[in-house]
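Structure, as structure tokens:
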Amino acid sequence: MTPGRGQQPLVTFAAVRAGYRQAVVGPVSFQVMPGEILGLSGANGAGKSTLLNALTGVARVFSGKIHRSPGLSVSHHRQRPVLPPELPLTGGELLRLMNAHHQDQPERLQPLLDKPLAKFSGGQFQFLQACACIGSQSDLIILDEPTNNLDGHAIHSLSGLLAALAPHRGVLLVSHEQAFLQDHCSRVIDIPLSDWSYQTP
Amino acid sequence: MMDLEMLTELFRVPFITGLLLTVVITLTGAWLRLREEWLAGLGLPHIAAAGGVLGTLIGLPVTLSAFLATGAAAGVKTLAGKASNNHFALMLILGWGAALMLAANSYQGEMIGEGLLRGQIYFSTLNHLYGVLGLGLLVLCSFSWLNRRLLVQQFFPDHHSANQIASWPHELLFAVILVSAVVLGTLSLGALPAFALFFVPSWVAFGLAAGWKQGLILSLIIGISAYIAAFLLAILLDQPFGPTLTLLLSAVCLLRLIPAR
């Protein structure tokens with residue numbers, strides 16, 4: 001994917017300091033353009049996930065501003081999505097919640113579509129959630145450590161999905177795997193550890 | 001023949017009221033389980049019972065005071081953020097203690113308290129039936145929208161906030177349905193029989209079903225079958241309805257032994 005020229009950014013972070021009870025990251029500035037996969041890297045605790053949560057309204061913006069393009073739709077694959085212990089939802093039903101089409105999903109996911117989530121492994125559930133977010137047709141896809149628990153084949157399938165994204169869509173990707181970031185991102189921004197990064201959220 | 005006609009006439013309103021309540025409570029129980037709040041089905045009915053008894057002491061209609069108490073508890077829960085089963089356990093302890101303490105200090109309160117905790121389905125009136133019909137209509141009209149909203153919220157918790165979609169409409173609607181189901185269920189079926197319907201059908205069905213839709217349908221089949229069987233058995237064997245229903249639902253739990261698909 002390459003950023004579209006002359007287009008409005010999907011989202012702009014302007015000197016954003018974000019956190020929960022207090023700021024734990026920032027000030028950070030960047031833009032995500034249509035057609036772009038922007039990577040965020042940094043040490044554990046640097047506040048990468050907090051920045052994503054600030055965009056989704058879970059974390060608080062203490063200063064600075066997040067500008068969204070009008071009507072922006074967002075899907076968020078959270079780090080460590082929780083696999084519910086006993087809900088009879090199938091993989092296919094979860095995809096439909098995000099309006100993701102079955103036929104667009106990788107071959108690797110097909111056998112899981114009729115399987116109840118309770119029988120998924122942690123890695124399978126992680127992969128399904130990532131596919132649901134990417135398949136959702138939202139303008140901006142937020143992927144927080146999407147390769148956690150995934151085997152090589154699943155990571156390869158995920159790479160295929162990212163490579164095939166429509167040019168009007170953008171991705172904000174957090175990963176601790178430098179090789180994955182380098183392989184897929186148009187740009188990578190390093191989020192430095194700040195003094196307040198050590199404070200408990 | 002006359003006897004049968006008389007019985008049919010006598011039990012028609014209670015039967016239909018209970019049947020519609022069973023449908024609503026069973027569905028709401030499935031949503032509570034989805035939200036990991038299943039103990040609300042036991043905590044809130046006890047608050048409703050305590051509210052109902054309090055109403056008799058201060059001169060308010062039982063239904064109104066039960067609604068006010070349950071609504072207040074649900075409101076506090078909502079304002080306090082995401083509730084856990086710990087909070088509903090606290091409501092259970094508080095409601096049970098308050099209902100029995102208030103009942104012990106007034107003869108009328110004692111009668112009402114007994115009725116609310118054990119159930120008094122045969123005394124269901126047309127007013128109860130109209131209330132349940134209204135609730136059933138609300139659930140029917142909003143089912144598809146609410147069901148989807150609740151599922152999305154569970155599996156993609158920040159999806160609504162990320163897309164600047166307000167969560168309060170579905171939270172409020174769910175609270176209204178839950179509080180109404182709890183109050184009407186407690187008034188008609190009793191606190192424990194209502195809880196049995198909130199808890200058992202979805203617990204059994206979710207262990208057996210291979211899909212959400214299938215889980216809801218199986219929950220309804222279990223709830224409705226147990227209710228009809230309990231209603232008939234209670235009349236034919238001249239036994240109290242509430243315990244008959246809870247014992248039947250307890251027996252249904254044996255289905256949990258069937259390996260999940």
Side-chain angles (χ1 to χ4, degrees), chain A residues 11 49-50 52-60 66 68-100 113-120 125-126 128-130 132-133 136-142 144 172, chain B residues 29-38 81-82 84-85 144-168 170 199-222 255-256 258-261:
Chain A
V11 67
S49 296
T50 304
L52 304 185
N53 286 341
L55 176 56
T56 66
V58 173
R60 192 174 147 200
I66 299 176
R68 302 160 60 109
S69 66
L72 179 79
S73 57
V74 178
S75 59
H76 182 198
H77 169 271
R78 290 174 306 145
Q79 192 177 5
R80 293 187 295 271
V82 181
L83 181 58
E86 189 180 75
L87 289 178
L89 219 77
T90 61
E93 284 176 318
L94 187 128
L95 286 181
R96 280 196 290 277
L97 287 179
M98 289 284 103
N99 295 320
L113 296 181
D114 292 326
K115 188 174 169 179
L117 298 185
K119 294 189 175 176
F120 276 52
F125 187 59
Q126 171 97 355
L128 174 72
Q129 285 250 336
C133 289
S136 69
Q137 306 305 317
S138 56
D139 304 319
L140 179 66
I141 304 158
I142 302 173
D144 193 354
L172 192 48
Chain B
W31 285 330
L32 283 174
R33 185 165 291 281
L34 167 70
R35 292 162 62 93
E36 298 174 51
E37 295 178 352
W38 58 266
K82 182 155 174 65
S84 72
N85 283 325
S144 179
W145 178 81
L146 182 61
N147 186 54
R148 185 182 175 83
R149 279 277 186 120
L150 295 177
L151 282 167
V152 168
Q153 188 173 46
Q154 189 63 23
F155 287 97
F156 302 93
D158 55 359
H159 179 78
H160 294 128
S161 61
N163 288 285
Q164 301 182 319
I165 300 167
S167 291
W168 69 262
H170 73 255
F199 175 74
V200 173
S202 58
W203 184 53
V204 173
F206 284 13
L208 298 173
W212 179 250
K213 196 173 163 186
Q214 199 183 99
L216 291 184
I217 292 170
L218 192 53
S219 297
L220 286 172
I221 290 171
I222 291 170
L255 291 173
R256 288 279 312 184
I258 298 174
R261 287 177 59 189

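Numbers restart at 1 for each chain; the letters A, B, ... are given by sequence-line order, proteins then strands. The analysis underlying the following values was restricted to heavy atoms, covering all of them including side chains, and did not include hydrogens, waters or symmetry mates.
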Quick check on [X] against chain B: is it the side chain, the backbone, both or neither that has a heavy atom closer than 4.5 Å?
X: A:A132; answer: side chain
X: A:L140; answer: neither
X: A:R68; answer: side chain

Check your understanding: Closest approach of B:A209 and A:P88, non-hydrogen atoms and distance?
Key ->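 That would be O-CB, 3.7 Å.
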Practice item. Give the minimum heavy-atom separation between B:R256 and A:E86, together with the two atoms involved. Key: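 The answer is NH1-OE1, 2.8 Å.
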Review point. What option among A:K115, A:R96, A:Q129 has the most heavy-atom pairs under 4.5 Å with chain B?
Key: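 If we count pairs closer than 4.5 Å to chain B, A:Q129 comes out on top.
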Hey, could you give me the [atom1]/[atom2] distance between [X] and [Y], rounded to the nearest 0.5 Å?
X: B:H159; Y: A:S73; atom1: NE2; atom2: OG; result: 8.5 Å
X: B:N163; Y: A:S75; atom1: CG; atom2: OG; result: 8.0 Å
X: A:L87; Y: B:R33; atom1: CG; atom2: CZ; result: 9.0 Å
X: B:D158; Y: A:I142; atom1: CG; atom2: CD1; result: 7.5 Å

Review point. So, does A:E93 use its side chain to make a donor-acceptor pair with the main chain of B:G211 at under 3.5 Å?
Key: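 No.
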Review point. Taking B:S161 for the side chain and A:T56 for the main chain, is one N or O donor matched with an acceptor at less than 3.5 Å?
Key: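 Yes, B:S161 side chain to A:T56 backbone: donor-acceptor pair under 3.5 Å.
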Exercise for review: Could you walk me through whether A:H76 and B:F156 pass the side chain to side chain contact (heavy atoms under 4.5 Å, CB included) test, one step at a time?
Suggested key: CA-CA 8 Å; A:H76 182 198; B:F156 302 93; over 6 Å; no
Point to revise | Partners passing salt bridge (Lys or Arg N to Asp or Glu O under 4.0 Å) against B:R148 (at least two apart in sequence or in another chain) | key: none
Review point. Run the side chain to side chain contact (heavy atoms under 4.5 Å, CB included) check on A:L97 and B:F155 step by step: do they pass?
Key: CA-CA 9 Å; A:L97 287 179; B:F155 287 97; 4.2 Å; yes
Practice item. Determine the option with the most heavy-atom pairs under 4.5 angstrom with chain A, choosing from B:P157, B:A205, B:G215, B:S202. Key: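 Winner by heavy-atom pair count: B:P157.
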Practice item. State which residues pass side chain to side chain donor-acceptor pair (under 3.5 Å) with A:S49; sequence neighbours excluded, sorted by chain then number. Key: A:Q79, A:D144
